[in-house]
Amino acid sequence: MQDVIDFLKNAADEHVERLQEWLRIPSVSTDSARDGDVRAAGEFVARELTECGFETKIWDTPGHPVVTANWLQAEGAPTVLIYGHYDVQPPEPLELWRHGPFEPTIEGRNLVARGATDDKGQAYALLRGITGYLKVRGSLPVNVKFLFEGEEEIGSPNLVPFIEEHEADLKADIAVVSDTSQFGPGMPAITVGLKGLCYLEVELTGASHDLHSGSFGGAVDNPANVLTEIIGKLRDADGRITIPGFYDNVRDLTDAERAEMKKLPFDEGEFQKELDAPALFGEKGYSTLERKWARPTLDVNGLLSGWTGPGAKTVLPCKAMAKFSMRLVADQNPDHIAEITAAHLQSLCPPSVRMTVTPQHGAEPVLVPSDSPFFHAANRALAAGFGAEPVAIREGGSIPVVSDFKKILGIDTILLGLGLPDDGAHSPNEKFNLDDFQRGIETAAHLVDEFSRI
Ligand code: BES
Ligand code: ZN
């Protein structure tokens, strides 16, 4: 492998420059004004892969395009499906960025930009490691199918139909996704558990228009008061969710799993200090890592009602809206959770206001087996690329496509996290460490080599 690794090391500056080019494209999938940019970000990878000899196609969908690129000349060898997403989260609040979110800037050893780690930087590391291998050797030791989408951050609404329609073309022995993180600096990790997601929007309305809170307060109900009361009832003081039936399908951690987690070097005090939170909070009876990785949670994501401008306005609002989501664990089902949650909300709603509940996108929780030959091979590749023995971890985030790969294509996914927990995905000044980027590129080259030996 030394020839490939030497080539990849020599190309380090070029990798960074090209990644910066990709990061300059503001591919925000939630913002329809950015549709052209999202497409351009897809075209960027398509162009790169075509140049390297991959058979590439850009597929239109009712939303953002899907890009596929195949190199299938390793007869008899395994086939790897590599997934990445080229869309990013909105960059707001802009005033908190040290520079423009789409003006990638190198600060020390970090590259700072929206999408630096989630997911352009990580996806690009896999792309560069594999195409680098191909450039040096003239062929790959395994068959490779790339699949890039531009809708991950909005719940991948068009990806399932795409995978179903192209099931035969996407067939592979294993999937690989780099969209998670290491356990910490110098502690590479393979993620074996992701949370699912159930996201709801609830709106309460009262009178037909906003009212004077002196003239009408106390006589007409206030949707903001009611909404906050209802939300307050969804979780008890022990941090447990009170929706009837919510925990029915939760797979509890085994004693062995809890013991494994305890072995990881995680300092709760340090964690709190880094976040500058006045205290940690979570479900009673569980450690912070257990809460983050293996217990379901409920969080309000947005809350809107009444006067929120400067000063005071004595208004009785006629409308209140909240967006909240529950992160789910195996074996909870997002559709079922949405149903029981909506029913519970309706049961808490007094006759003095009207309620509508609208489910948003969801994702299923996943657990990945850690005893497959592919898992062991990926472990060896990470160890070679990062120079340290990887650990198995879980994550609280969701990647909807992982359960779709299992259900539709029947394959497991190796979640190779190249970023760091403090990379600030979805936050201002998102970053990716350039050394991790290079190590990720080299890991990808080792990965195809290790997979070919299975
Ligand atoms: N890269 C993240 C998933 C992730 C986050 C993994 C944190 C591990 C730790 C991904 O791009 C993401 O943000 N997914 C969304 C999915 C949702 C829109 C269905 C998420 O988790 O909120
Ligand atoms: Zn991501």
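Source: prediction; values computed, not measured. Starting from 1, each residue takes its place in the sequence as its number. Numbering of ligands and ligand atoms starts at 1, following listing order. Atoms considered below: every heavy atom in the structure, side chains included; atoms not considered: hydrogens, waters and symmetry mates.
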Less than 3.5 Å between some nitrogen or oxygen of [X] and one of ligand 1, yes or no?
X    : answer
T180 : no
Q89  : no
H361 : no
S398 : yes

For [atom], which protein heavy atom lies nearest, and how many Å away is it?
atom                    : result
atom 7 (C) of ligand 1  : G397 CA, 3.8 Å
atom 9 (C) of ligand 1  : E395 OE1, 3.4 Å
atom 11 (O) of ligand 1 : E152 OE1, 2.8 Å

Quiz item: Quick one: does D179 get within less than 4.0 Å of ligand 1, heavy atoms only?
Solution: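 D179 counts as a contact of ligand 1 under the 4.0 Å cut-off.
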Determine whether the side chains of [X] and [Y] contain a donor N or O and an acceptor N or O closer than 3.5 Å.
X    : Y    : value
Q438 : E442 : yes
Q182 : D436 : yes
E395 : S181 : yes
S325 : N301 : yes
Q332 : Y247 : no

Exercise. Classify the contact between R327 and ligand 1 as side chain, backbone, both or neither, using a heavy-atom distance cut-off of under 4.0 Å.
Key: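 Under 4.0 Å from ligand 1, R327 contributes side-chain atoms alone.
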Self-check item: Proximity of K195 to ligand 1 by residue part, where a heavy atom lies under 4.0 Å
Solution: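 Neither; no heavy atom under 4.0 Å.
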Practice problem: Could you pull out the N/O/S protein atoms under 2.8 Å of the Zn ion (ligand 2), ignoring any water? | Solution: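 Hits for the Zn ion (ligand 2) below 2.8 Å: H85 NE2, D118 OD1, D179 OD1, D179 OD2.
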Practice problem: Indicate yes or no: does R18 engage E21 in a salt bridge with an N to O separation below 4.0 Å. | Solution: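 E21 and R18: salt-bridged.
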Practice problem: Determine, for E107 against K431, whether the closest basic-nitrogen to carboxylate-oxygen distance falls under 4.0 angstrom. | Solution: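 No salt bridge links E107 with K431.
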Quiz prompt | side-chain contact (heavy atoms from CB on, under 4.5 Å) between F375 and I414, intermediate numbers included | solution = CA-CA 7 Å; F375 187 91; I414 301 290; 4.2 Å; yes
Practice problem: Compute both the distance and the angle, then confirm whether R291 meets the cation-pi test with Y286: under 6.0 Å from the six-membered ring centre, within 45 degrees of the axis. | Solution: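 Cation-pi check for R291 and Y286: fails.
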Quiz item: With a distance cut-off below 6.0 Å to the six-membered ring centre and an angular limit of 45° from the axis, does R114 pair with F102 as a cation-pi contact?
Solution: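 Pair R114/F102 does not count as cation-pi.
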[X] heavy atoms, cut-off 4.0 Å: which ligand 1 atoms fall inside?
X    : value
L197 : 17 (C), 19 (C)
H85  : 11 (O)
P400 : 19 (C)

Practice problem: Let me know which of R295, R258, R394 forms a salt bridge (Lys or Arg N to Asp or Glu O under 4.0 Å) with E290. | Solution: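 Filter result, single survivor: R258.
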Quiz prompt | For S27, the option from E153, H64, K120 that meets side-chain hydrogen bond (donor to acceptor under 3.5 Å, both in side chains) | solution =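 Among E153, H64, K120, the one meeting side-chain hydrogen bond (donor to acceptor under 3.5 Å, both in side chains) with S27 is K120.
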